[in-house]
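One structure is given below, encoded as C-alpha cells.
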Amino acid sequence: MTTNLKLSVVDQSPVRKGGTARDAVLETVELARVAERLGYQRYWVAEHHNVANFAGTTPEVLIGQIAANTSSIRVGSGGVMLSHYSPFKVAETFRLLETFFPGRIDLGLGRAPGSDQLTAAVLSHPRSRIDVRYYPDQVRDLVGFLNDDVDPEHPFASVRAGPGEFTSPDVWLLGSRADSAQMAAEMGLPFSFAHFFGLAVEQGPMIAQMYREQFKPSKYLFEPKVNIGLQVLCAETEEEAQRLASSRNVARVKSVQGMREALPPVDEALTYQFRPDERGYINQLQEHYIDGDPQQVREKIEAVADMYKTDDVGIVTICYAFEDRVRSYELVAEAFGLEGSNQ
C-alpha cells in the first residue's frame, strides 16, 4: 500500500505575526508552484472566515490564481463550506474554473461552518441559515448541476449551470466523522478524512473502512477512493522539526481558546509557558502530528497510510517562516522520491 504513495498539499494559507494576509495568499500561490515542481499531485486550499490566523476566505479565487500560475498540478478546495451557499452558484463557479483549466479542478465539499456561529449567520444574511439537515440534498443538487444530471422531477431540472463546455471538476466529500463517510459511500463519491484535525482520529481507520464497505458505485466513481489529510512538519533533524513546530503548537492552543491569532515567531513560541491543561492538549495532538527528520516522517506517513489502507495522502504544514514550510515539502518529496524532487 505504501510503495507508491500519491502525495498532495493542503494549504490553509497561515498568517504569521508581523506578516499580512496578502503575504499569506501570495505564499500560497508560490508554494503551489513549488509543489508542482516537486511532483505533488494536488494542491487544495481551505475556507475560513473572520479569523486572523488563516487568510483563505475564498478558495475559488485562490484556485483560479494557483491554476493560472501552474500548468499541470490539480487544484481544488479543501474545501468549500457548502452549507453557506447555493449549490447552483457553486456549480457555476467550478464549471467556469474547469472551463479555464480543463481536467485540473477538484471541488472538495465540507459541512462545517469554517467560522464561528455569528460569522456563519452573516454569510447567510439576510436569508435564514440553511439547516445542516439539507446538506445531503445540497450535495446531490450540486453534483447534478455540475454534470447536467439533475433529477427530471426536480423543480429546477430545466436550469443549466454554465458554462460547462468541458469536463466537470472531481467532487470530493471531506469530513472527520462517520456521517460524512456514509454520505460519500451512499452517493458514490471519493472521501477525504481530516486526520490533521488531530482529535478523535483513533476512529479514522474504522470510518475509512466503513466507507469502503458501504460504497455504492456511481457514474462518477466505480470503486471507493480514500484520501487522508495529515499534519506534517519535516526538517533536517528531529530537534529542528520540534523547534519549528512550537509556533504551530502555541497557535493551536490559543485557537481552541477562541484566540485565533497569527502564528508567533519561533523564539516567542519557545518562551510560552503552557498550563498543565494546555500541555496535555498539545501532547494529545502531537500523538497524531508527524514532526521529525525525513526518515522519521516517511516512516510515520507510511504507517498512517497503512492504517487507512490508502495510497492517497494530503499534507498540511504549518510553521512560522515560509522558507521553512517550503523546505519541509522539499524534504518530504525527496524522502518519497517524488518525480521532480531531485531537479
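When a residue number appears, it is its place in the shown sequence, counting from 1.
- Residue Arg177 places its CZ atom among 12 or fewer non-hydrogen atoms of other residues, nucleotides or ligands, all under 6.0 Å distant.
- Between the side chains of Gln214 and Glu186, not a single donor N or O lies within less than 3.5 Å of an accepting N or O.
- Side chains of Val304 and Met307 form a contact here, defined as non-hydrogen atoms less than 4.5 Å apart.
- Note on Ile290: it clusters hydrophobically with Leu5, by side-chain heavy-atom contacts below 4.5 Å among ILVMFWY residues.
- Side-chain atoms of Glu92 come within 3.5 Å of backbone atoms of Gly162 as a donor-acceptor pair (strictly under, hydrogens ignored).
- The closest side-chain heavy-atom distance from Glu223 to Pro217 is not below 4.5 Å.
- Nearest approach of Ala24 to Pro14, heavy atoms of both residues: CB-O, 3.4 Å.
- With hydrogens and angles ignored, the 3.5 Å screen pairs a side-chain donor or acceptor of Glu36 with a backbone N or O of Ser71.
- Going from atom OG1 of Thr317 over to atom CG of Leu331 covers 10.5 Å, rounded to the nearest 0.5 Å.
- With rounding to the nearest 0.5 Å, the separation of CG in Asp311 from CG in Asn4 is 8.0 Å.
- Within the 4.5 Å cutoff, no side-chain heavy atoms of Asn227 are placed close to those of Phe193.
- For the pair Leu174 and Trp44, the tightest heavy-atom approach, listed with the atom from each and the gap, is CD2-CZ3, 3.9 Å.
- Remark: Arg260 fails to qualify as a cation-pi partner of Phe54 under the 6.0 Å distance and 45° angle criteria applied to the six-membered ring.
- A heavy-atom distance below 4.5 Å is found between the side chains of Arg248 and Asp291.
- Judged purely by atom type and a 3.5 angstrom limit, Ser77 has no side-chain atom pairing as donor or acceptor with the backbone of Val45.
- At least one donor-acceptor pair closer than 3.5 Å links the side chain of Arg104 to the backbone N or O of Ala67.
- Here Phe191 contributes atom CZ and Gln182 contributes atom CD; the two are 10.0 Å apart, rounded to the nearest 0.5 Å.
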- [ ] With salt bridge (charged side-chain N to carboxylate O under 4.0 Å, His left out) as the test, would you mind laying out the steps for Arg140 and Asp137 before giving the verdict?
- [x] CA-CA 5 Å; Arg140 290 188 189 94; Asp137 293 331; 3.2 Å; yes

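- Looking only at distances, a side-chain donor or acceptor of Ser328 sits under 3.5 Å from a matching main-chain atom of Cys234.
- Tyr329 is linked by a ring pair (Phe, Tyr, Trp, His ring centres under 6.0 Å) to Tyr40, counting only residues two or more places apart in sequence or in another chain.
- Contact check on Arg42 versus Asp106 returns a salt bridge, with a Lys/Arg side-chain nitrogen under 4.0 Å from an Asp/Glu carboxylate oxygen.
- Side-chain contact between Ile282 and Val253: present, with at least one pair of heavy atoms (C-beta onward) separated by less than 4.5 Å.
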Open item on the list: Could you go through Ile105 and Leu107, starting from their C-alpha distance and side-chain angles, then the distance that decides it, and tell me whether this counts as side chain to side chain contact (heavy atoms under 4.5 Å, CB included)?
Closed with: CA-CA 7 Å; Ile105 302 300; Leu107 171 52; 5.7 Å; no

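- We find the CD1-CG distance between Ile301 and Leu7 to be 6.5 Å, quoted to the nearest 0.5 Å.
- Under the 4.5 Å side-chain heavy-atom criterion for ILVMFWY residues, a single connected hydrophobic cluster contains both Tyr85 and Leu109.
- Nearest heavy atom pair, residue Pro190 against residue Leu221, reads N-CD2, 3.5 Å.
- The two atoms that bring Ala241 and Ala235 nearest to each other are N-CB, 3.6 Å, heavy atoms only.
- A continuous path of ILVMFWY side-chain contacts below 4.5 Å connects Phe100 to Val29, so both sit in one hydrophobic cluster.
- Atom-to-atom distance recorded for Phe196:CZ and Gln231:CD is 7.5 Å, nearest 0.5 angstrom.
- Other residues, nucleotides and ligands contribute only 12 or fewer heavy atoms inside 6.0 Å of the OH atom of Tyr134.
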- [ ] List the steps and the verdict of side chain to side chain contact (heavy atoms under 4.5 Å, CB included) for Ile318 and Leu233.
- [x] CA-CA 7 Å; Ile318 304 288; Leu233 209 168; over 6 Å; no

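- With contacts defined as side-chain heavy-atom distances shorter than 4.5 Å, the pair Pro265/Lys17 qualifies.
- Cluster membership check: Phe156 shares its hydrophobic cluster with Val150, using side-chain heavy-atom separations under 4.5 Å among Ile, Leu, Val, Met, Phe, Trp and Tyr.
- For Glu278, the side chain to side chain donor-acceptor pair (under 3.5 Å) test picks out Gln257, Tyr272, Arg275, with sequence neighbours left out.
- Between Leu285 and Phe197, the shortest heavy-atom distance links the atoms CD2-O, 3.9 Å.
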- [ ] Begin from the C-alpha positions of Phe94 and Ile63 and carry the test side chain to side chain contact (heavy atoms under 4.5 Å, CB included) through to its verdict.
- [x] CA-CA 10 Å; Phe94 277 80; Ile63 289 167; 3.7 Å; yes

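- Between the side chain of Thr271 and the main chain of Glu268, a donor-acceptor pair closer than 3.5 Å is present.
- With hydrogens and angles disregarded, no donor-acceptor distance shorter than 3.5 Å links the side chain of Thr310 to the backbone of Ala305.
- Within 6.0 Å of the CD atom in Glu30, the count of heavy atoms belonging to other residues, nucleotides or ligands exceeds 12.
- There is a side-chain donor-acceptor pair under 3.5 Å between Asp149 and Tyr220.
- Between Glu240 and Arg243 there is a salt bridge, with a side-chain nitrogen of the basic residue lying less than 4.0 Å from a carboxylate oxygen of the acidic one.
- The shortest side-chain heavy-atom distance between Glu60 and Leu97 falls under the 4.5 Å cut-off.
- Note that the CG atom of Asn53 and the CD atom of Glu261 stand 9.0 Å from one another [nearest 0.5 Å].
- Judged by distance alone, the side chain of Tyr211 and the main-chain N or O of Lys225 form a donor-acceptor pair under 3.5 Å.
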TODO: List the steps, then state whether side chain to side chain contact (heavy atoms under 4.5 Å, CB included) holds for Met81 with His49.
DONE: CA-CA 11 Å; Met81 302 297 105; His49 302 281; 5.6 Å; no

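- Thr28 and Asp11 share a side-chain donor-acceptor pair at under 3.5 Å.
- Residues meeting the side chain to side chain contact (heavy atoms under 4.5 Å, CB included) test with Glu27, sequence neighbours left out: Arg16, Asp23, Phe322, Arg325.
- The two residues Gly103 and Thr167 make their nearest non-hydrogen contact at N-OG1, 3.6 Å.
- Hydrophobic clustering (side-chain heavy atoms under 4.5 Å, transitive across Ile, Leu, Val, Met, Phe, Trp, Tyr) groups Val171 together with Leu96.
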- [ ] Mind running ring-ring contact (aromatic ring centres under 6.0 Å, His included) on Tyr308 and His195 for me, showing each step along the way?
- [x] CA-CA 10 Å; Tyr308 282 87; His195 185 99; 5.6 Å; yes

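- Under a 3.5 Å cut-off, the side chain of Gln12 and the backbone N or O of Gly56 do not form any donor-acceptor pair.
- Using a 4.5 Å heavy-atom threshold, the side chains of Met183 and Asp179 count as separate.
- Panel note: side chain Ser255, backbone Ala251; no donor-acceptor pair is recorded below 3.5 Å.
- The pair Glu323-Arg327 does not count as a salt bridge, with every side-chain nitrogen at least 4.0 angstrom from each carboxylate oxygen.
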